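Before any comments, here is the structure.
Keep in mind that what you see is a predicted model, and the values were worked out from it rather than measured.
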Amino acid sequence: MYFNQNNKFYHGIMFHHFHDNGIHTKGQGSIDKDDFYKMINFIGRNNILDADVFYEKFKNNNLKDNEVCLSFDDAIKCQIDIALPVLEELKIKSFFFVYTSLFEGKPDNLEFFRYFRINYFKSIDEFYDNFYKVLDKDLKSFFEKNSNKIKDTKIKFPFYSISDIKFRLVRDFFLTNVQYEDTMFSMFKEKQFNHKEYSKKLFFQKNDLQTLDNLGHIVGLHSHNHPTLLEKLSYDEQKNEYEKNLSLISSILDKPKNEIKSMSHPCGSYNADTLEILKELGIELGFKQIMSIETEKGMKKINNSFLEIARQDHADIFKRMN
Ligand SMILES: [Zn+2]
């Protein structure tokens with residue numbers, strides 16, 4: 001079985017980025033339309049359930065081991081431009097989990113950073129070199145102190161290069177988030193990249209949500225601000241994240257709140273408070289992802305409780321196909 005790990009099954013497959021020949025440039029982990037078709041064939045069209053069918057079967061505890069659903073996180077426009085036409089053609093209805101600060105003009109800068117990195121540098125290493133130049137800090141002793149961690153990470157995640165691992169360590173541990181973002185914005189300035197112009201091209205607009213809903217896909221929660229480590233927030237902050245997320249989705253879709261019943265955990269991060277809050281909000285189906293380097297701190301085991309359904313990243317499946 002393709003999705004077997006420790007004798008448990010992934011019932012969800014998680015997609016993020018797609019590329020084409022236009023605005024959506026190829027980047028780390030992105031797939032194009034043909035890859036997407038091939039992947040659906042590889043998984044087996046008959047194993048893929050519509051989101052509403054998946055929901056009912058999960059609730060009634062009669063999902064078969066081979067049955068999966070597709071899910072799309074983060075409200076990134078390439079999903080609408082590239083994946084949605086394929087889903088419609090093959091008549092697959094999926095889950096779309098969206099954070100909502102982007103509908104208030106505050107999208108996740110991560111998407112701009114990604115676009116910038118891919119389009120303004122010839123290689124990822126050229127980007128890293130430029131980043132360290134602009135940062136202008138002596139990192140020698142930091143890397144020495146972390147040399148074992150770097151080695152361990154490389155063993156656990158062999159598809160990351162040593163420079164990928166070092167960059168993530170600097171970003172996540174050496175710098176605060178503000179320092180990291182400031183460095184990136186200085187680089188934007190240097191290269192005259194005006195990121196605000198790209199909002200509409202890179203992110204969902206409200207009418208995209210309405211389109212998905214009208215077509216029968218299920219739109220679910222993914223927090224308001226998409227914090228990287230939601231589990232570090234207080235109970236009240238977490239509650240605010242999900243209440244705001246729910247209110248905005250319900251108002252954009254013009255649907256009562258109690259008709260929105262699914263969610264996915266941003267970066268797979270949550271704790272006992274999160275689960276309690278989601279239950280109170282009437283959420284009946286929640287997805288997480290299994291550890292990646294970005295979320296090592298939020299690592300969780302597969303256990304498939306109703307608010308912790310394990311999803312496999314499409315990149316893992318893609319690797320098995322090739
Ligand atoms: Zn996300």
Side-chain angles (χ1 to χ4, degrees), residues 14-20 22-31 72-82 97-137 139 157 159-204 222-230 266-269 289 292-298 313 315:
M14 177 176 72
F15 292 91
H16 279 103
H17 289 100
F18 294 82
H19 62 257
D20 57 19
I23 176 89
H24 304 301
T25 333
K26 186 175 178 168
Q28 279 176 319
S30 73
I31 58 172
F72 299 81
D73 283 12
D74 297 347
I76 28 194
K77 190 80 172 186
C78 59
Q79 298 168 350
I80 300 286
D81 294 344
I82 302 161
F97 299 116
V98 299
Y99 69 96
T100 35
S101 63
L102 84 155
F103 299 118
E104 295 187 325
K106 277 176 259 154
D108 191 341
N109 286 328
L110 225 90
E111 216 45 51
F112 295 123
F113 296 160
R114 183 179 180 277
Y115 184 85
F116 177 66
R117 194 178 65 224
I118 298 171
N119 289 281
Y120 283 73
F121 301 89
K122 284 194 207 81
S123 68
I124 187 84
D125 287 314
E126 190 192 304
F127 164 78
Y128 292 145
D129 289 346
N130 193 272
F131 179 86
Y132 294 127
K133 212 177 93 200
V134 172
L135 181 65
D136 196 22
K137 288 251 162 63
L139 295 163
F157 304 98
F159 45 94
Y160 286 107
S161 72
I162 296 289
S163 38
D164 290 337
I165 295 166
K166 283 180 164 175
F167 174 74
R168 282 166 171 78
L169 280 175
V170 171
R171 183 190 65 188
D172 300 342
F173 298 98
F174 183 81
L175 298 174
T176 64
N177 195 43
V178 172
Q179 288 171 321
Y180 167 64
E181 298 213 333
D182 282 350
T183 312
M184 291 299 296
F185 288 127
S186 307
M187 290 171 78
F188 283 10
K189 238 188 192 163
E190 252 184 28
K191 298 250 178 196
Q192 298 180 330
F193 170 59
N194 184 358
H195 65 285
K196 296 212 167 91
E197 282 172 16
Y198 288 83
S199 255
K200 268 199 177 133
K201 292 171 182 165
L202 297 179
F203 296 102
F204 283 16
H222 197 52
S223 82
H224 181 65
N225 290 301
H226 203 285
T228 332
L229 277 175
L230 186 115
C267 303
S269 176
Q289 63 228 47
S292 77
I293 190 171
E294 325 282 349
T295 56
E296 199 178 346
K297 287 178 281 186
D313 193 286

Rounded distance [0.5 Å steps], NE2 in H24 versus CD1 in I80:
9.5 Å
So, does D20 use its side chain to make a donor-acceptor pair with the main chain of G22 at under 3.5 Å?
yes
Looking at every heavy atom in both C78 and H16, which two are closest together, and how far apart are they?
SG-O, 4.1 Å
Near-ring test F193/F113, centroid separation under 6.0 angstrom:
no
If we only count heavy atoms from C-beta on, is the F167 to V170 side-chain gap below 4.5 Å?
no
Does the ring centre of F116 sit less than 6.0 Å away from the ring centre of F188?
yes
Between the side chain of Y120 and the main-chain N/O of M187, is any donor-acceptor distance below 3.5 Å?
no
F203 vs F112, ring-ring contact (aromatic ring centres under 6.0 Å, His included): CA-CA, chis, key distance, verdict
CA-CA 10 Å; F203 296 102; F112 295 123; 5.5 Å; yes
Side chain proximity check, R117 to I124, heavy atoms < 4.5 angstrom
yes
Just verifying a value: how many Å separate N119 CG and T25 OG1, rounded to the nearest 0.5 Å?
3.5 Å
For D164 and Y128, test the side chains for any donor-to-acceptor distance below 3.5 angstrom and give the result as yes or no.
yes
For the atom pair OG (S186) and CG (D136), what is the distance rounded to the nearest 0.5 Å?
11.0 Å
Centroid-centroid distance, H195 to F185, less than 6.0 Å:
yes
If you apply the rule side-chain contact (heavy atoms from CB on, under 4.5 Å), what do you find for F174 with L169, and how did you get there?
CA-CA 7 Å; F174 183 81; L169 280 175; over 6 Å; no
For the pair E111 and H17, evaluate side-chain hydrogen bond (donor to acceptor under 3.5 Å, both in side chains) and give the outcome as yes or no after the intermediate values.
CA-CA 10 Å; E111 216 45 51; H17 289 100; 2.6 Å; yes
Can you tell me how far the CG atom of L135 sits from the CG atom of D182, to the nearest 0.5 Å?
11.0 Å
Could you tell me the separation between the CG atom of L230 and the SG atom of C267, rounded to the nearest 0.5 Å?
9.5 Å
In terms of side-chain heavy atoms, does H224 have a donor or acceptor partner in S101 at a distance below 3.5 Å?
no
Heavy-atom closest pair, residues I76 and F204:
O-CE1, 3.2 Å
Restricting to non-hydrogen atoms, name the atom on P266 and the atom on S223 that form the minimum distance, rounded to 0.1 Å.
CG-OG, 3.7 Å
Looking at A75 and V98, what are the two nearest heavy atoms and their distance?
CB-CG1, 3.7 Å
To the nearest 0.5 Å, what is the distance between NZ on K137 and OG1 on T183?
7.0 Å
When you compare the side chain of N130 with that of E190, does any pair of heavy atoms fall below 4.5 Å?
yes
Can K191 be said to sit on top of F121's aromatic six-ring, NZ or CZ under 6.0 Å from centre and within 45° of the ring axis?
yes
Under 30°, 30 to 60°, or over 60°: which ring-plane class applies to F131 and F127, parallel, tilted or perpendicular?
tilted
Quick one: does I165's side chain get under 4.5 Å of F157's, heavy atoms only?
no
Is there side-chain contact between E181 and N109, with at least one heavy-atom pair below 4.5 Å?
yes
If you compare all heavy atoms of Y99 against all heavy atoms of N225, which two are closest, and at what distance to 0.1 Å?
CD1-C, 4.5 Å
Ignoring hydrogens and angles, tell me if any N or O in the side chain of Q28 forms a donor-acceptor pair with the backbone of R114 under 3.5 Å.
no
4.5 Å side-chain heavy-atom contact, P107 and L202
no
For D74 and H222, work out which heavy atoms get closest and say how close.
OD1-NE2, 2.9 Å
